[in-house]
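Note that the structure is a prediction, hence the values are computed from the model and not measured. Each chain gets a letter, A, B and so on, in the order the sequences are listed, and its residues count up from 1.
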Number of protein chains: 2
Amino acid sequence: MVEKQSKINKVSLSQVAREAGVSKMTASRVLRSEGGYSEKTRVKVMAKVDELGYLPNRLATVFAGDKSSTFVGVSIPDLGNEVFAQVLEGIDRKLGALGHQSVLGLTQHTMQEEENWIRTVLSWQPAGLILTGRYHSQSAIEMLRNAGIPIVEIWDLNSSPLDISVGINHFDAGFDMGRYLVGCGYKKIGYVGTSHDTANAASTRLDGFCKAVEGGGGTVERQLCLHDTATYYPGFYGTEQLLGGARGIECIFYQNDAMAFGGLQYCESKGMSVPDDMGIAGWGDLPIASVMGKRLTSMHVPHLKLGQAAAEMMMARLSDEPVETCRDIGFRLIPGSTVTAPT
Amino acid sequence: MVEKQSKINKVSLSQVAREAGVSKMTASRVLRSEGGYSEKTRVKVMAKVDELGYLPNRLATVFAGDKSSTFVGVSIPDLGNEVFAQVLEGIDRKLGALGHQSVLGLTQHTMQEEENWIRTVLSWQPAGLILTGRYHSQSAIEMLRNAGIPIVEIWDLNSSPLDISVGINHFDAGFDMGRYLVGCGYKKIGYVGTSHDTANAASTRLDGFCKAVEGGGGTVERQLCLHDTATYYPGFYGTEQLLGGARGIECIFYQNDAMAFGGLQYCESKGMSVPDDMGIAGWGDLPIASVMGKRLTSMHVPHLKLGQAAAEMMMARLSDEPVETCRDIGFRLIPGSTVTAPT
DNA sequence: AAGAATTAAGTTACCCGTAACGTAAATCTG
DNA sequence: CAGATTTACGTTACGGGTAACTTAATTCTT
């Protein structure tokens, strides 16, 4: 049974010092291997540290104002979307390897949630913040500007970031996919995605996509599943909705691979042949694509690498190394076999 | 461009107080709505807070020792496995709603990583810890015991937990699946999973599974993909390995649905019909199953609910409400159509 | 109107480490 | 061997809040 208490360390540095018969300062020096003590003293102090199970209170160190914390706030829209889970994994692994910790914030795709989270997390004096997306509330932007710590905006490349931006240009990515599908001969194309209140990368992507399709003489029918996570079932259901409401659609572009997979299953369940009766294109090149019988037409984005790059740039900034303010992580179109090959 | 600095708040409570013409203490009282000040004073102070953009430094509050922090350390093996991503989502959403933050630790399934992470995170004076799994290193256990904060062990139910345990009994879950498959008439059954150095829930599950199968007169052929994440491709590849090495296997049980899906794809790619030529059973009932043409035989575990329950029990313990020390979150066998129906 | 009770403040001390500075003992130097 | 230097410590002060205590001003009571 746990006693209610706020202090983790019953045992403080003073206690270790006292019992070892040295001053607090000497004990502190030993623990930081700072030098300026004899071997005999080191042994005495370390013996007490082990004996008492002393754990330093890093709060005190940071609080004293001479070191920055090893917290990095990381905001992620949601983890139901495998893409973001991978990005987070990349971030946390790299941060962990470099001695830092992620303080997570799931923003549910809303700027208000993000703002609240930023306010709270800043009060814990993080070393820096990694935020998903480039759109933030006005108050959030002010707080971020005043915080005076590194801010890395990921996912959605931003040529004039608050501080550092890593990701891809979603407009271009959407555009490339649109051009590719038009090049495959499709004219009437559907789009199935989710929709949230705020502008985001997916909507930017859709803009680029539409521009390419419409510029190539095609049309785009949109089907947005409101307030759903971009995963399998909304893909299945959204496809049903889309095809129920519009005739003559030859190909569907999805917000991501999970939704595309749901759509693929819908089409096959209705006896449609892919790609002969319906073209399917996804986005993200998720692991599931590695085992599917048909190679899904998609867009490869190095999610894990994106997360790692974000963490690395954060750490570089923290150690005052030069860091570019804007890194394009790139994407690659996967032609796949779920759309008819371009002529 | 960011100036190197450790303090987030250029502006401290003293400054707010000074400029508002009151003492630090009065300003503190206003900010905490503690009472004991006039309306005029409140307005004066709050005006300065807004004007200066003051953000409290919570480190100082916790450090002072009178409040516990709002950090909760959460250790998760990896996020490539959708199951754990869902659990984390459940935890963080609930914690967030209750004003707390998750400090993430990805342990890569190793006790040593977990131990290192525990040491670090404890030094930040968290309010509590949520750990995945019931197996910890000896040093870790000592630190956890001494920490004197709530510890919730999730995933793998533990009848004598360090503090609180939430999850399911994996032995029973494996046993039930084994009994079910034997009841379907299978005798020679394969298992495909990943393997790590340490004991874990998956191995407990496999033990239960083998007991049921062997008790029912069947045999289990194991195929463990070493040091891989339990996801699609290892499922595909592991199936190839398994079937290349053993003859006469009638049905395969997988560590999870993602692996099972990979196996299903392998079988179909080789022209085997499921379930006629090969039975397939997964574990976890992942979202992908909701759109597959065949309903995957699996075991439903309420992942999100598990995470939420863990967070709720943590918060209950923190507010000194009574909490059971061991909660079974339950599982449910999904018969599906990827194995032949029981006779 | 004098004393009691309440309200609205201010003062002091503390939390736990570490920077900066001070000092005594040991070692080195010429 | 005296003085300079180095080593091995100790002492003091500080950071940003808050608990606990004190004080001054206001309001209430009889």
Side-chain angles (χ1 to χ4, degrees), chain A residues 5-46 48-49 52-70 120 122-126 147, chain B residues 5-46 48-49 52-70 120 122-126 148:
Chain A
Q5 60 164 83
S6 47
K7 278 280 166 301
I8 300 277
N9 309 342
K10 284 152 284 285
V11 30
S12 71
L13 185 60
S14 329
Q15 191 187 336
V16 171
R18 199 177 336 109
E19 298 204 17
V22 298
S23 74
K24 230 169 60 156
M25 200 57 220
T26 298
S28 170
R29 280 192 270 253
V30 170
L31 274 152
R32 286 173 297 136
S33 309
E34 204 213 37
Y37 46 83
S38 66
E39 174 61 14
K40 218 177 71 185
T41 304
R42 195 189 66 76
V43 170
K44 258 194 315 191
V45 171
M46 292 314 286
K48 275 296 163 193
V49 165
L52 301 174
Y54 169 72
L55 276 183
N57 180 345
R58 310 263 248 118
L59 248 43
T61 311
V62 175
F63 169 61
D66 25 43
K67 294 253 186 317
S68 79
S69 79
T70 57
T120 305
L122 280 180
S123 74
W124 290 110
Q125 315 292 115
Chain B
Q5 59 163 83
S6 47
K7 279 281 167 302
I8 300 277
N9 309 343
K10 283 150 286 282
V11 30
S12 71
L13 185 60
S14 328
Q15 191 186 337
V16 171
R18 200 176 335 111
E19 298 203 17
V22 299
S23 73
K24 227 168 66 155
M25 200 58 221
T26 298
S28 171
R29 281 193 269 255
V30 169
L31 274 153
R32 286 174 297 136
S33 310
E34 205 212 39
Y37 46 82
S38 65
E39 175 62 12
K40 218 177 70 185
T41 303
R42 196 189 65 76
V43 169
K44 258 195 312 188
V45 171
M46 292 313 285
K48 275 294 163 193
V49 165
L52 300 173
Y54 170 73
L55 275 183
N57 180 344
R58 309 263 246 120
L59 246 42
T61 311
V62 175
F63 170 62
D66 24 44
K67 293 253 187 317
S68 79
S69 78
T70 57
T120 305
L122 280 180
S123 74
W124 292 109
Q125 314 291 119

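Counting only heavy atoms from C-beta on, B/R32 has its side chain closest to D/dA19 among D/dA19, C/dT18, D/dG17. Among C/dG10, D/dT18, C/dG17, the nucleotide with an atom closest to any side-chain atom of B/T61 is D/dT18. Here the side chain of A/S12 is nearest to one of C/dG17, D/dG10, D/dA19, namely C/dG17. Side-chain atoms of B/M25 lie closest to D/dT18 of the nucleotides D/dT18, D/dG17, D/dG15. Considering only the side chain of A/V22, D/dG10 comes nearest among C/dA9, D/dG16, D/dG10.
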Going through the checks in order, is the side-chain contact (heavy atoms from CB on, under 4.5 Å) test met by B/S28 and B/L13? CA-CA 7 Å; B/S28 171; B/L13 185 60; 3.7 Å; yes

Determine, step by step, whether A/V45 and A/Y37 satisfy the side-chain contact (heavy atoms from CB on, under 4.5 Å) criterion, reporting the C-alpha distance in whole Å, the side-chain angles of both residues, the deciding distance to 0.1 Å, and the verdict. CA-CA 11 Å; A/V45 171; A/Y37 46 83; over 6 Å; no

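Between the NZ atom of A/K44 and the C1' atom of D/dA8 there is a distance of 11 Å, rounded to whole Å. Taking atom CD of residue B/Q15 and atom P of nucleotide D/dG17, one finds them 11 Å apart after rounding to whole Å. C/dT18 atom C1' lies 12 Å from atom CZ of A/F63, rounded to whole Å. Distance A/E34 CD to D/dT7 P: 14 Å, rounded to the nearest Å. Between A/Y37 atom OH and C/dA26 atom C1' the separation is 19 Å, expressed in whole Å. Rounded to a whole Å, the NZ atom of B/K40 is 12 Å from the C1' atom of D/dA25. Between the P atom of D/dG16 and the CH2 atom of A/W124 lies a distance of 16 Å, rounded to the nearest Å. Rounded to an integer number of Å, the gap from CZ of A/R58 to P of C/dT18 is 10 Å.
Taking the side chain as every heavy atom from C-beta outward, B/W124 and A/T70 approach each other to under 4.5 Å.
Nearer to the 5' terminus of DNA chain C, by closest-nucleotide assignment, is the contact made by B/S23 (compared with the other of A/L13 and B/S23).
Remark: B/Y54 is in phosphate contact with D/dG17, judged by side-chain N or O atoms under 4.0 Å from OP1 or OP2. Of the side-chain N and O atoms in B/S28, one or more sit less than 4.0 angstrom from OP1 or OP2 of D/dT18. Phosphate proximity of C/dA19 to A/K67: present, with a side-chain N or O under 4.0 Å from OP1 or OP2. Within the structure, every side-chain polar atom (N or O) of B/T26 is placed at least 4.0 Å from both OP1 and OP2 of C/dA9.
For A/S69 (side chain) and A/Q125 (main-chain N/O), a donor-acceptor pair under 3.5 Å exists by modelled atom type.
In this structure, B/G21 and B/K44 approach most closely via the heavy-atom pair O-NZ, 4.5 Å.
Taking only distance into account, the side chain of A/K24 meets the base of C/dG17 through a donor-acceptor pair shorter than 3.5 Å. Side-chain to base pairing of A/R29 with D/dG10: one donor and one acceptor N or O lie within less than 3.5 Å of each other.
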